[in-house]
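We count ligands from 1, going down the list as the structure has it; atoms in each ligand are counted the same way. None of these values were measured; they are calculated from a predicted model. Reckoned from all heavy atoms, side chains included, excluding hydrogens, waters and symmetry mates.
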Amino acid sequence: MLAVTGWFALVLLLHLLLPGQLACGVQLPNRQRLTYKLNAFSVFAITYGTAAAVSFGLGVLDLSWIPRNFVPLTTAAIIFSSVLAVAVYAASFLPNRLLSQHGNSGIFVYDFWMGRELNPRAFGKTLDIKEFCELYPGMIGWGLLNLAFAYQQYKQLGYVTNAMLLVNGFELWYIADGLLNEAAILTTMDITTDGFGFMLAFGDLAWVPFTFCTQARYLTDYPRQLSLPALLGVLAVQALGYCIFRGANSQKNAFRTNPGHPSVAHLKSMPTERGTRLIISGWWGAARHINYLGDWLMGLAWCLPCGLSGLASVVPYFYCIYFAALLVHRERRDEAACRAKYGADWGRYCALVPWRIIPYVY
Ligand code: NDP
């Protein structure tokens with residue numbers, strides 16, 4: 001419990017003390033726009049640098065302590081996130097709180113799960129608890145857990161297998177990319193629409209770090225060395241996924257920020273009564289959530305290094321099975337939200353771009 005609380009406190013302290021770019025969130029239902037301090041990448045660099053220095057340099061910290069205490073650490077993260085969820089739920093009853101549209105039903109279990117308050121803040125409103133939990137302790141902690149499993153494998157075998165290197169490299173790339181593009185989270189559903197309750201507190205602080213490291217954990221118990229063709233195949237899946245994921249997300253961000261920008265000025269788009277245009281060519285002309293396909297393909301590339309043989313090998317595929325379900329559900333939620341936002345224009349858009357996630361398949 002001390003380790004989990006200490007990790008949360010350390011990351012929080014760094015977030016509060018380190019300088020960061022200030023960014024404005026989208027307009028809220030009360031017409032206000034919140035300011036966010038963005039320094040996730042600096043916190044990530046400092047915590048990883050410090051962990052490497054004190055464990056591999058000074059030899060003071062033994063990273064293999066983490067895999068050896070995985071179950072107690074997971075339990076502590078679940079307790080910690082539950083306590084946080086209770087605290088934000090209780091605080092949501094204080095005066096002048098902006099409540100989330102979906103977490104304000106009056107049914108305790110539902111509201112506790114969905115999150116009653118939209119943007120709970122602390123420390124004189126300088127800390128946005130939801131944005132912090134989404135990107136800082138859990139995401140950064142996930143990469144550190146992976147590193148600890150790689151170190152554990154090194155201690156057991158005397159080397160790190162190429163499968164473990166791929167899993168660590170891919171996932172670290174994903175984490176660093178997400179943290180570097182921190183501002184992009186301000187327009188996601190989680191920040192703009194969902195309240196902060198048990199679902200996000202548990203998801204961000206316990207589920208993400210302790211289940212997303214399953215591949216690295218599996219490879220510690222069942223080490224694998226990939227042949228060159230297998231390695232190249234996995235790299236190709238990752239590269240394809242990344243091109244789609246980053247290409248689509250950057251295209252939409254650039255278009256929403258400045259549709260006249262040379263990188264997106266050539267795209268075809270349709271006007272809507274709401275005032276915002278919808279892209280109908282390029283990545284967004286291929287499928288309405290082509291970015292989800294890219295994300296899922298990357299997830300597949302994180303699982304493939306664990307191999308395909310044997311019954312036990314279903315376990316590391318947990319991530320891409322779970323993620324497929326999450327993305328299909330998320331696409332349905334966004335679709336419903338867009339239909340409400342755009343009305344009849346959304347129907348016209350769907351006729352022009354008929355595929356949901358996978359062109360010609362789904
Ligand atoms: P999206 O980035 O897909 O954004 C959806 C919004 O984009 C819509 O509500 C709409 O908002 C706008 N939009 C939709 N179609 C168009 C179009 N044709 N032209 C212009 N704008 C359009 O949503 P998410 O927040 O779900 O996903 C962001 C990324 O995060 C994805 O890549 C996803 O894979 C990833 N993600 C990862 C998770 C993980 O656990 N690893 C979990 C969830 C997401 P408007 O028109 O109002 O601008």
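No cation-pi contact links Arg217 to Phe149, judged by a cut-off of 6.0 Å to the six-membered ring centre and 45° from its axis. Phe93 carries Arg116 over the face of its six-membered ring, with the cationic atom under 6.0 Å from the centre and within 45° of the normal.
Not a single N or O atom of Arg277, backbone or side chain, sits closer than 3.5 Å to an N or O atom of ligand 1. Below 3.5 Å of separation, one finds an N or O of Ile279 facing an N or O of ligand 1. For the pair Thr188 and ligand 1, the shortest N or O to N or O distance does not fall below 3.5 Å. Note: an N/O pair closer than 3.5 Å links Tyr342 and ligand 1 by distance alone. Geometrically, ligand 1 and Thr276 share no nitrogen or oxygen pair separated by less than 3.5 Å.
No side-chain donor-acceptor contact under 3.5 Å links Asp128 to the backbone of Tyr36. Side chain of Tyr48 to main chain of Leu144: a donor-acceptor pair is present (N/O by atom type, distance under 3.5 Å, no hydrogens or angles). Using a distance-only test at 3.5 Å, with no hydrogens or angles considered, no donor-acceptor pair links the side chain of Trp302 to the main chain of Gln215. Between the side chain of Trp283 and the backbone N or O of Asn291, no donor-acceptor pair lies under 3.5 Å.
Protein heavy atom at the shortest distance from atom 20 (C) of ligand 1 is Arg256 NH2, 3.4 Å. Among protein heavy atoms, the minimum distance from atom 28 (C) of ligand 1 is reached at Asn291 ND2, 4.2 Å. Among protein heavy atoms, the minimum distance from atom 44 (C) of ligand 1 is reached at Arg330 NE, 3.5 Å. Residue, atom and distance of the protein heavy atom nearest to atom 38 (C) of ligand 1 are Phe323 CE1, 3.8 Å. Summary of contacts: the protein heavy atom closest to atom 36 (N) of ligand 1 is Asp295 OD2, 3.6 Å.
Closest heavy-atom approach to atom 42 (C) of ligand 1 among the candidates Leu326, Val208, Leu278: Leu326. Atom 22 (C) of ligand 1 has its nearest heavy-atom neighbour, among Arg274, Met189, Lys252, in Lys252.
Near Tyr349, meaning under 4.0 Å from one of its heavy atoms, ligand 1 places the atoms 15 (N), 17 (C), 18 (N). The contact set between ligand 1 and Asp334, taken as ligand atoms under 4.0 Å from a residue heavy atom, comprises 5 (C), 6 (C), 8 (C), 9 (O). For ligand 1, the atoms lying closer than 4.0 Å to a non-hydrogen atom of Tyr174 are 37 (C), 41 (N). Atoms of ligand 1 found under 4.0 Å from any heavy atom of Phe245, numbered from 1 in the order shown, are 32 (O).
Around the NZ atom of Lys341, the shell of radius 6.0 Å holds more than 12 heavy atoms that belong to other residues, nucleotides or ligands. For Phe112, the CZ atom sits in a packed shell: over 12 heavy atoms of surrounding residues, nucleotides or ligands are nearer than 6.0 Å.
Heavy-atom distances between Ala337 and ligand 1 stay at or above 4.0 Å for every pair.
By the criterion of side-chain heavy atoms lying less than 4.5 angstrom apart, applied directly or through intervening Ile, Leu, Val, Met, Phe, Trp or Tyr residues, Val264 is not grouped with Met270; the two fall into different hydrophobic clusters.
Rounding to the nearest 0.5 Å places OG of Ser92 at 11.5 Å from CG of Leu118.
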Check: Would Arg356 and Asp334 count as a salt bridge (Lys or Arg N to Asp or Glu O under 4.0 Å) if you check the C-alpha gap in whole Å, the side-chain angles of each, and the deciding distance to 0.1 Å?
Finding: CA-CA 11 Å; Arg356 287 174 182 275; Asp334 191 49; over 6 Å; no
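Of all the heavy atoms of Asn249, the ones lying under 4.0 Å from any atom of ligand 1 belong exclusively to the side chain. With a 4.0 Å cut-off on non-hydrogen atoms, Ala248 does not touch ligand 1 at all.
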